[in-house]
Number of protein chains: 2
Amino acid sequence: MARINRAAAKEKFLRFLEQKNLRMTSQRMAIIDTVFSTDQHFTAEQMLDWARERDQAVSRATVYRTLPLLTESGLVHEMDFGKDYKYYDPNYADSPNHNHIICQDCERIVEFESDKIEKLQGEISQSLGFSLKAQQLRITASCDELKRLGACKNKAS
Amino acid sequence: MARINRAAAKEKFLRFLEQKNLRMTSQRMAIIDTVFSTDQHFTAEQMLDWARERDQAVSRATVYRTLPLLTESGLVHEMDFGKDYKYYDPNYADSPNHNHIICQDCERIVEFESDKIEKLQGEISQSLGFSLKAQQLRITASCDELKRLGACKNKAS
DNA sequence: TAATTTTTGCGTCTCAGTATCAAAAGTTTT
DNA sequence: AAAACTTTTGATACTGAGACGCAAAAATTA
C-alpha cells in the first residue's frame, strides 16, 4: 500500500522522456514532484494549483500536457467518475487493482482494495473469455455508507 | 430481454408527468416516441437528430430538458463511458442489470448480461456490507474481443 | 375570453480540455 | 561559444456538451 518512492518515480519518468526524445524541464519536475507528494486523487485544475505553490512558473497548458505523459508512462492512472472532468490517481504504479466508491451526495471518492473482489474480477474475466485491457468496478453510494466504510479504514475484504 | 412496450412507456411517463404537475406536449411526445423506438444507447445530440426527423419542432434545449425527466421517471438510464458526453440507455426499464464492454479503439459499446456476473456482483455487495445505490462493471477491451463477443450474440454466461 | 402557469426555442454562458503560435529554453553542430 | 536546430512553454483562442435566462407561445383554469 505504500506509495511509490518519489525518487523512483522521477527516475522512471526520466527514462520515459529519454526514450521518447523529450526533455526534463523545471516545470515538468515541479509537476511530478507535486503528483508524487500526494496520495489523493486529483483533477488537472487541482494539480495546477498545487504545482504553482511549488513553482510559480507552471502554466495550465503545461499541466494539461504533462498529465497525459504521466499517464502514458504508467506512473499515474486517468479515471473518470462520471463527473465532467477527469481524475488522476498517483497510486496506480504500486497497486493497479483499484475499485472506487463514489458518493452520490458529496464529492468524496473512496478507493479500496479487496482480495475477495480481486478474485471475483478474475472469475468474471475468465467467464467472459476476455483478456481485459482494463476493468473498473464503480459503486455509487451515499454518505452514510461511506462513513461506515471509512470507519473500517477504507479496506473491505 | 424484449424492449419495453412503447405504449406502456408512454403511459408510465404520462403518470410521471401528472404526478409532477407537468404537461405532455407534442415535443415531449416526439422525444419519447423516438427514445422507445430504438434499442441502442444514444447521446443527447443523436436524440436531437432523430427526434427532429420525426418532428421538426423539437429543439436542442427541449431534448436536454426531457432526457433528465425520462431518467428521473426510471424509463431510461443515464450512463457515462468515460467520454465527455453522456449516453442514455432505453433498455433500462426491463433489465436494470447492465454491464458494458467499451472498445478502446472504436466507438462501440456492447451491453451484456451474465447470470454469473450478476451472482458475483451480489457477493461483492454483500462482502462490502453495502446497500448499493448503483453499480457499474465496465470492461475496456479491444475490437478483436468485441468481435468475438459479438459472435456469441453479446451474451456471455 | 381573460388570467395564470408551464413549456418552448433562441441565444448566451460555463467549464474542461485542446489547438495555435510566437517566444524562450535546451541541444547539437561547427 | 555562436549558429542552427529542436523542443517546450505560456498566453490566448477555440471547441463541444450541457446549463441558464428570458421573452414568446402554448396549455390550463377561471
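- Of the inter-residue distances, the one linking A/Leu48 atom CG with A/Arg52 atom CZ reads 4.5 Å to the nearest 0.5 angstrom.
- Identified under the side chain to side chain donor-acceptor pair (under 3.5 Å) test for residues 59-71 of chain B, with sequence neighbours left out: B/Glu45-B/Arg60, B/Glu45-B/Tyr64, B/Ser59-B/Thr62.
- The nucleotide range of DNA chain C contacted by chain A, defined by atoms under 4.0 angstrom from heavy atoms of the protein and reported 5' to 3', is C/dA16 to C/dT27.
- Side-chain atoms of B/Glu53 never come within 3.5 Å of backbone atoms of B/Trp50 as a donor-acceptor pair (strictly under, hydrogens ignored).
- One distance of note links CG of A/Leu69 with CG of A/Leu17; it measures 7.0 Å at 0.5 Å rounding.
- Between the side chain of B/Thr38 and the backbone N or O of B/Val35, no donor-acceptor pair lies under 3.5 Å.
- When all heavy atoms are compared, the tightest approach of B/Phe36 to B/Pro90 is CE2-O, 3.8 Å.
- Of the residues in residues 50-70 of chain A, A/Tyr64, A/Arg65 come within less than 4.0 Å of DNA chain C through at least one heavy atom, sorted by number.
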Show, in sequence, the C-alpha distance, side-chain angles and deciding distance for A/Phe42 and A/Tyr87, and conclude whether the side chain to side chain contact (heavy atoms under 4.5 Å, CB included) test is met. CA-CA 5 Å; A/Phe42 56 85; A/Tyr87 275 90; 5.8 Å; no

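- Note that the CE atom of A/Met47 and the CG atom of A/Leu67 stand 7.0 Å from one another [nearest 0.5 Å].
- In terms of position along DNA chain D, the nucleotide closest to A/Leu17 lies nearer the 5' end than the nucleotide closest to the other residue of the pair A/Leu17 and B/Glu45.
- Across residues 21-28 of chain B, B/Leu22, B/Arg23, B/Thr25, B/Gln27, B/Arg28 each have a non-hydrogen atom less than 4.0 Å from an atom of DNA chain C (numbered order).
- With a heavy-atom cut-off of 4.0 Å to chain B, the contacted part of DNA chain D has its first and last nucleotide at D/dA17 to D/dT28.
- For the atom pair CG of B/Leu14 and CD1 of B/Ile32, the computed distance is 7.0 Å after rounding to the nearest 0.5 Å.
- In this structure, B/Lys86 NZ and A/Asp84 CG are separated by 8.0 Å, a value rounded to the nearest 0.5 Å.
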Using a 3.5 Å cut-off and no angle test, enumerate the donor-acceptor pairs between side-chain atoms of residues 18-30 of chain B and protein atoms at least two apart in sequence or in another chain.
{"from": "B/Lys20", "atom 1": "NZ", "to": "B/Glu72", "atom 2": "OE2", "distance (Å)": "2.8"}
{"from": "B/Thr25", "atom 1": "OG1", "to": "B/Arg28", "atom 2": "N", "distance (Å)": "3.2"}
{"from": "B/Arg28", "atom 1": "NH1", "to": "B/Arg23", "atom 2": "O", "distance (Å)": "2.6"}

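- Taken to the nearest 0.5 Å, the NZ atom of B/Lys83 stands 11.0 Å off from the CG atom of A/Asp80.
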